[in-house]
Number of protein chains: 2
Amino acid sequence: MENVTIRMLAERLQLSTATISKALSNSHEISEETKQRVLALARELNYVPNPYASSLRKKASHTIAVVIPEVADSFFAEAINGIESVAQEKGYHVLIYLTHENSGKERGILKDFQSGRVDGVLISVTTETASAPHGLDQLVKEIPIVFFDRVCEDVIAAKITTDDAAAAYKATSHLVAGGCRQIGLLAASPHLSISNRRAEGFLQALAAHGLPQNKAAVTYCSNDHATTKQLLKKIFREQQYDGIIATTEKLATAVYEVCEEMNLRIPQDLQVIGFSNLSTARFLNPSLTTISQPAFDMGKAAATLLFKALKNNSFALSEQQQVIPSALIVRKSTIAT
Amino acid sequence: MENVTIRMLAERLQLSTATISKALSNSHEISEETKQRVLALARELNYVPNPYASSLRKKASHTIAVVIPEVADSFFAEAINGIESVAQEKGYHVLIYLTHENSGKERGILKDFQSGRVDGVLISVTTETASAPHGLDQLVKEIPIVFFDRVCEDVIAAKITTDDAAAAYKATSHLVAGGCRQIGLLAASPHLSISNRRAEGFLQALAAHGLPQNKAAVTYCSNDHATTKQLLKKIFREQQYDGIIATTEKLATAVYEVCEEMNLRIPQDLQVIGFSNLSTARFLNPSLTTISQPAFDMGKAAATLLFKALKNNSFALSEQQQVIPSALIVRKSTIAT
DNA sequence: TTTATTTACTTAACCGATTAAGTAACATAG
DNA sequence: CTATGTTACTTAATCGGTTAAGTAAATAAA
């Protein structure tokens, strides 16, 4: 059986395709009786409209893109949940693109969006994405876009972030209160705004507590797990850290791994705080003190903002900024006071 | 600036749109010189073809759908990774749909696929999806579809699974070897094939080791976390379990939570094995013995199968079945012998 | 030299829905 | 009894590519 089209409905009912189309969209131009007849036949023949015909004509795809570095990370997974909850409610479809921290891949993905494939974009950039990036400024003018978490500070666009600096400040203060005097911060990339904001809050806190801000305090790690572990072993050997702040989930677990391998006891030898949304944080050995980001809410907020812009053309999307606070959840990888 | 279309290129070069289209697709009908001129102008004007115009005409969207219960689960996250790796390589786009274990939602999502929105579907069904489900048999005939992990056994279709029964058998034997005599299995749903296959392997192992297969051995839990915890507390109080097999990741962490709250020591009071891909399993307190599923490979295999069917129309997709083995990884939540 | 074939295009239909513009029939207002 | 609206449609263009069928000119074969 061929696909049921509006034309088939039209022929069966001896009406024009225009009438069918209008009847299906409940236009006031069509009589109630005709609408019912159309609806009934549509249901009977199991008519499903072709979304691409509609997209082509209306220049709207009812689809958004989510561009993220990876999915196997509880922050991004939860963010997708938040995004999807809004998208599903609004009847939008969600395309997922993974950049795997590769900015070249990211560029290719973004370039495709000039085709009109999606009505809007939600993005968290790669660790490689430079602050003044590849045509992102360009794309921002062509299509509604909302950055979340990993934003490009130099690009004028809507941004949903968490209070990175404040959270890092809080984490640092907590370590200091727990007796740490030699604290290190592990960051993903010097290009990443969140890394920089977290480092900023960290250094401010060190200063506020009268601790020296030596160069070794901030370490940029690799996207490669093995390389990162090597690096961690090296700095743990060289520096006498008594506290570590891991600014990503992967780094936090890497610290646990390395500590195990180096026989460093947490928290006795090294106190650890991780920026993480791991649901298992409380069951780790020892349970992990975390800065927990509102991942679901950030995704939801980003999507909500995007849909507001899609509905209301005059909405000044690029001026929107929202900061949703993270929470310090104290557990046993740090020494509470 | 208006969007650049094939027509604009045609006008500038004093050629027909047909020529442009063919030149861009590197048709042999077009001279090398013309191709070069077209390519050059296309690049200059930053021409990006409209995917929906193409989809409409070619009746192919170069898009696949992934329908899963949730993303915030390491199995599904890794499976997406596997799927995406293949899709990206083939230049396909990936739509994600979350059913949140709601079969009504699932039905709605699947119904939409009759529209031609996607060229193929990868699905892991909800816990509610009955064995003879809502038009799934129908859809299978209309569109290439591959089930992975949570399959519908009654539907004739391509399926990628893991060796659920064997893995459960192995897990059970491991517990028996560790001294367990009263083992319980926690499953997500009596409708779910994976639950049933795991229960099957479990019961077989009990029989093989001369342990009674009392009714209380298999417990079906809820999708709601709080409800599940209540249930676990109840059965842990009533039954004298010394071993538990949690057949989903969420159930495994629920067991940890409940044990903590009931002051049950793992593994002294209760040995625990979880079907889980948690990267943090080894850092849990105690580290969790797992049946680790090849999530990435399953996603990859499912996608590979789907693309094979999309490329080769005569490929007998629905006859394809692959079983990829899971591994028992022994850690400290069980007592090794 | 005539016919057949190849090359490099063009024309126009098409995919399936949407919508501006047009129209016939009837109702209401002035 | 016209003029004006309103109702309920239809016609035809359109979105932006793709492709079957056609054609003119050049080349090869007979």
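Protein chains get the first letters and strands the later ones, always in sequence-line order, with residue 1 at the start of each.
In this model, the phosphate group of C:dC9 is approached by a side-chain N or O of B:Ser31 to a distance below 4.0 Å at OP1 or OP2. Phosphate contact (OP1/OP2 of D:dT18, side-chain N/O of B:Ser21, threshold under 4.0 Å): present. Residue B:Ser54 places at least one side-chain N or O closer than 4.0 Å to OP1 or OP2 of D:dT18. Residue A:Tyr47 places at least one side-chain N or O under 4.0 Å from the OP1 or OP2 atom of C:dA17. Contact annotation: B:Lys59 side-chain N/O to C:dG16 OP1/OP2 distance is under 4.0 Å.
Positionally, the nearest nucleotide of DNA chain D for A:Glu33 lies more toward the 5' end than for the other of A:Glu33 and B:Leu24.
Residue A:Thr5 is in sugar-phosphate contact alone, with no base atom involved, counting any heavy-atom pair closer than 4.0 Å across all strands shown. Contact annotation for A:Ile20: no contact, since no heavy-atom pair falls under 4.0 Å across all strands. Among the heavy atoms of the strands lying under 4.0 Å from B:Ser16 is at least one base atom, whether or not backbone atoms are also near. Backbone-only contact: B:Thr34 has heavy atoms under 4.0 Å from sugar-phosphate atoms and none from a base. At the heavy-atom level, A:Thr19 lies under 4.0 Å from base atoms of the strands shown.
Salt bridge A:Arg150/A:Glu101: present, at least one basic N to carboxylate O contact under 4.0 Å.
Using modelled atom types and a 3.5 Å distance limit, the side chains of A:Gln88 and B:His100 yield no donor-acceptor pair.
Aromatic ring centroids of B:Phe296 and B:Phe75 lie 6.0 Å or more apart. Residues A:Tyr97 and A:Phe113 bring their aromatic ring centres within 6.0 Å.
Residue B:Glu29 places its side chain closer to C:dC9 than to any other of C:dC9, D:dT18, C:dT19. Distances from the side chain of B:Leu15 to the nucleotides D:dT19, D:dC15, C:dC9 place C:dC9 closest. When each of C:dT18, C:dC9, C:dC15 is scored by its nearest atom to the side-chain atoms of B:Arg57, the top-ranked nucleotide is C:dC15.
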